[in-house]
Amino acid sequence: MRIATWNVNSLTARLPRVEEWLGYAQPDVLCMQETKVADGAFPAMALSALGYETVNHGDGRWNGVAIASRLGVTDVQHGFGPDVDEQGCRLVAATCGGVRVHSIYVPNGRAVDSEFYKAKLAWLDELRRFVDLTCAPSDPVVIAGDFNVAPEDKDVWDPAEVSGATHVTEPERSALRALEDWGLVDSFRSLYDQDGLYSWWDYRAGNFHKHKGMRIDLLLLSEPLARRCRYALIDRNARKGRQPSDHAPVFVDLDD
DNA sequence: ATGGTTGCGAAGCAA
């Protein structure tokens, strides 16, 4: 079973690249973020033609998360719940092929002294609470998406250059660890130890070609899935060519 | 170096 995550930065703009990628990567489940498309305008037919059932949680202009699955989509949940401010459409969950799949888009946080940064930490805390309420660590669970947090310094091109900025601060990393402490494994990192492996590169200033990126797109697996994980990949090739997203897709392969 | 680029939507904001 291949489970992928990709911040597509507008599914409308990226649909040709997403169709192309589904065609050659053949994931069973693809979690997308920043679909930037309202539910009514979601390209469900195009993805259905490729064999994927889809669910979107979007209100149009910003954010938006989706799941495409060729293993079915049941028990869909949009957002944390009616009484929780989720800061836009940032979470959708569904059961796909027996796995509880969450596609998440963590708030960016902007500047560390901003209200947005505080809201980011609060959102991560809410995610921890949500997972605890809706799943057990012994369940097959994946939290996949754009976390907007680089877990360690080796997930950043130059820790000194971004020191003190969002994505790398200790409170953000601590919030991520709190989620992992519930019983989730950053399986890409447990397979590959080296630095220089990034999933996002700013469009500006030729950062991709300068290898100035961060690893902020993660697939956190509960233990029953983590022990089945033998391979993971960040598909840098999908960051190249015509009209790429600023993020590359990431996937994990689970043994049957 | 406070720049640079992309998407949305039609100016400026968010990333």
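Proteins come first, then strands; the chains are lettered A, B, ... in the order of their sequence lines, and each starts at number 1. Below, each value reflects all heavy atoms present in this structure, side chains not excepted, and no hydrogens, waters or symmetry copies.
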In whole angstroms, how far is the P atom of B:dC13 from the CG atom of A:N63?
17 Å
Taking NZ from A:K120 and P from B:dA15, how many angstroms apart are they, rounded to a whole number?
10 Å
Starting at atom CD of A:E34, determine the distance to atom C1' of B:dT6, rounded to an integer number of angstrom.
11 Å
Could you state the atom-to-atom distance from NZ of A:K36 to P of B:dA14 in whole Å?
12 Å
Both A:R204 and A:H247 contact DNA chain B. Which one's nearest nucleotide lies toward the 5' end?
A:R204
Mind checking if A:F116 touches a base, just sugar-phosphate, or nothing, with heavy atoms under 4.0 Å?
nothing
Taking the side chain as everything from C-beta on, heavy atoms only, tell me whether A:V101 gets closer than 4.5 Å to A:C31.
yes
Round to the nearest Å and state the distance from A:W62 atom CH2 to B:dG9 atom C1'.
10 Å
Roughly how far apart, to the nearest Å, are B:dA1 and B:dC13 at atom C1'?
23 Å
Any ring pair (Phe, Tyr, Trp, His ring centres under 6.0 Å) pairs touching residues 89-115 of chain A, not counting sequence neighbours?
none
From CG of A:D59 across to P of B:dC8 the rounded distance in Å is 14 Å
Please report the distance separating the C1' of B:dC8 from the corresponding atom of B:dG3, rounded so that it comes out in whole Å.
22 Å
Do the side-chain N and O atoms of A:E34 and A:N7 include a donor-acceptor pair separated by under 3.5 angstrom?
yes
Measuring from the side chain of A:T12 (C-beta onward, heavy atoms only), which nucleotide among B:dC8, B:dA14, B:dA15 has the closest atom?
B:dC8
Listed nucleotide nearest any side-chain atom of A:N9, set B:dG4, B:dG7, B:dA14:
B:dG7
Selected nucleotide, minimal atom distance to A:R110 side chain, candidates B:dC8, B:dA14, B:dT5
B:dA14
Is it true that a side-chain atom of A:R215 and a backbone atom of A:V156 form a donor plus acceptor pair closer than 3.5 Å?
no
Rounded to whole angstrom, note down the C1' distance from B:dA14 over to B:dG9.
13 Å
Rounding to the closest angstrom, what is the interatomic distance between B:dT6 and B:dA11 at atom C1'?
16 Å
Rounded distance in Å between the C1' positions of B:dT2 and B:dA15
16 Å
Find which nucleotide of DNA chain B each of A:R61 and A:N148 is nearest to by heavy atoms, and output the residue with the more 5' nucleotide.
A:R61
Please state how far atom CH2 in A:W200 lies from atom P in B:dT6, giving the value in whole angstrom units.
14 Å
Round to the nearest Å and state the distance from A:N7 atom CG to B:dG7 atom P.
12 Å
I would like to know whether A:R129 and A:D125 meet salt bridge (charged side-chain N to carboxylate O under 4.0 Å, His left out); could you show each step before the answer?
CA-CA 6 Å; A:R129 191 173 302 116; A:D125 193 44; 3.0 Å; yes
